[in-house]
S.K.: 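Structure provided below as structure tokens; questions to follow.
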There are 2 protein chains.
Amino acid sequence: MGIHMPWPSPDLAERLRSAGLRPTRPRLALARLLFDAGHRHVTVEELHKEAIAAAIPVSLATIYNSLHQFTAAGLLREVVIAPGRLYFDTNVDEHHHFVWESTGMLQDIPEKEIAVLGIPAPPIGTEISHVEVTIRLRPLD
Amino acid sequence: MGIHMPWPSPDLAERLRSAGLRPTRPRLALARLLFDAGHRHVTVEELHKEAIAAAIPVSLATIYNSLHQFTAAGLLREVVIAPGRLYFDTNVDEHHHFVWESTGMLQDIPEKEIAVLGIPAPPIGTEISHVEVTIRLRPLD
DNA sequence: GTGTTTGCAAAGTGTTTGCAATTTA
DNA sequence: TAAATTGCAAACACTTTGCAAACAC
């Protein structure tokens, strides 16, 4: 855990199978778009357009379903940066983000670059699931 | 900036006026609910229910409008913790959050408690608007 | 009185769901 | 063949908008 294979990717069908998901044609095609090109941040709409452009005629509903299934299976992580701006992040390891407030764009910051000191003890009955630092940017000037 | 008056609150009408907002009856009533009881995290729906319960018959549309106007005026800050879970935070100073993943609940962590080290230089053409640390919690066991 | 704000109901948006047809194993 | 998955279209929940009436100044 924590280590990502560079491309060429491991067998995607196998990866889906071990996540408990049948490697159907739509899912494999989406997995290729998502995981065969390094870490990505995609929105539902973007992925749908990409799929259509790649001559993979998946319906929007299937995009939604697949992204949620992938997320539940731990293959993706959701990142919300503003109301109505939801990304699915193929980097599921602990890491941080730059967020361009003007465009909604997102950029990863490796976990190792940033140290968070003084994290308070988690409230009784809870444990820390993860810690994320979001650095919001505005255009200079 | 960064210092908040404890209650009793300064004159709310004046506060709205200097934010460029006419102190209308609905806006004053909402401002009282929001700002007269220390820092709060409210959702649109919660505030609407509170207003109705307080015999202030504002429409949902007015809640939406007012919250957005207050936000644009710098009296509130939006905090999205998951798709569809938007809070308006009356604490507009730099600070951090605990987020209960199971319930969506939110709790402030004062800015001073946490130190973020190693923040990378902002990408060319941008400056840092703010840095927030989100600590997600899951139930113990 | 003039320009702003409100409430209502209608129109949008983005997301989910039900179900018959299709596909996987 | 049996069970899971897909696509479509309808249903949803949430948010915004248009406009006449009410209000602030």
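Protein chains get the first letters and strands the later ones, always in sequence-line order, with residue 1 at the start of each. Values below: all heavy atoms of this structure, side chains included; hydrogens, waters and symmetry mates excluded.
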S.K.: Over how many whole Å does the gap from B:I63 atom CD1 to D:dA13 atom P extend?
M.R.: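 Interatomic distance, CD1 of B:I63 to P of D:dA13: 20 Å.
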S.K.: For residues B:E46 and B:V42, report the shortest heavy-atom separation together with the two atoms involved.
M.R.: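 Answer, listing the atom of B:E46 first, then B:V42: OE1-CA, 3.6 Å.
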S.K.: Looking at every non-hydrogen atom in both residues, tell me the closest pair between B:P110 and B:H96 and how far apart they are.
M.R.: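 Minimum heavy-atom separation between B:P110 and B:H96: O-CD2, 4.1 Å.
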S.K.: What is the minimum heavy-atom distance between A:I52 and A:V58, and which atoms define it?
M.R.: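 Answer, listing the atom of A:I52 first, then A:V58: CD1-O, 3.9 Å.
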S.K.: According to the ring pair (Phe, Tyr, Trp, His ring centres under 6.0 Å) rule, which pairs have a member within residues 40-63 of chain A, sequence neighbours left out?
M.R.: A:H41-A:H97
S.K.: Once you round it to whole Å, what is the distance between C1' of D:dT6 and CZ of A:R27?
M.R.: 10 Å
S.K.: Would you check if B:F88 and B:T43 make a side-chain contact, meaning some heavy-atom pair closer than 4.5 Å?
M.R.: no
S.K.: Would you write the dot-bracket representation of DNA chain D, where each base gets (, ), [, ], | or . depending on whether it forms a Watson-Crick or G-U pair under 3.5 Å and with which partner?
M.R.: ||||||||||||||.||||||||||
S.K.: Look at the side chain of B:Y64 and decide which nucleotide, out of D:dC14, C:dT15, D:dT6, has an atom nearest to it.
M.R.: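 Ranking D:dC14, C:dT15, D:dT6 by closest atom to the B:Y64 side chain puts D:dC14 first.
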S.K.: Between C:dT15, C:dT5, D:dT6, which nucleotide gets closest to the side-chain atoms of A:L60?
M.R.: C:dT15
S.K.: Between C1' on C:dT15 and NE2 on A:H48, what's the gap in Å once rounded to a whole number?
M.R.: 14 Å
S.K.: Tell me: CD of B:E45 to P of D:dA13, nearest whole Å?
M.R.: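 To the nearest whole Å, that distance equals 12 Å.
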S.K.: So, OP1 or OP2 of C:dT16: does either fall under 4.0 Å of a side-chain N or O from A:H68?
M.R.: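 Indeed, a polar side-chain atom of A:H68 lies that close.
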S.K.: Find the distance A:E46:CD to C:dT15:P and express it as a whole number of Å.
M.R.: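 Between P of C:dT15 and CD of A:E46: 12 Å.
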S.K.: Using atom CD of A:Q69 as one end and atom P of D:dT5 as the other, report the distance to the nearest whole Å.
M.R.: 7 Å
S.K.: Given atom CZ of B:R85 and atom C1' of D:dA13, what is their separation to the nearest angstrom?
M.R.: 14 Å
S.K.: Just the rounded figure in Å: distance from C1' of C:dT5 to CG of B:L16.
M.R.: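 The answer, rounded to whole Å, is 13 Å.
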S.K.: Could you report the tightest heavy-atom contact between B:V92 and B:G74, atom names first, then the distance?
M.R.: CG1-O, 3.6 Å
S.K.: Quiz question: by atom type and distance under 3.5 Å, do the side chains of A:E101 and B:S129 form a donor-acceptor pair?
M.R.: yes
S.K.: Within the structure, does a side-chain N or O atom of A:T62 lie under 4.0 Å from either OP1 or OP2 of D:dG7?
M.R.: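 Yes, A:T62 has a side-chain N/O under 4.0 Å of OP1/OP2 on D:dG7.
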S.K.: Of the candidate nucleotides D:dT17, D:dC8, D:dT6, which contains the atom at the shortest distance from the side chain of B:A61?
M.R.: D:dT17
S.K.: Mark yes or no: A:R15 above the aromatic ring of A:F35, with NZ or CZ under 6.0 Å from the six-membered ring centre and no more than 45 degrees from the axis.
M.R.: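 Output yes; distance and angle both within limits.
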S.K.: Among B:H39, B:H95, B:R40, find the residue that satisfies the side-chain hydrogen bond (donor to acceptor under 3.5 Å, both in side chains) test when tested with B:D89.
M.R.: B:H95
S.K.: At under 4.0 Å between heavy atoms, how does the protein contact nucleotides 19-25 of chain C? Give one character per nucleotide, 5' to 3', with B, S or -.
M.R.: -----BS
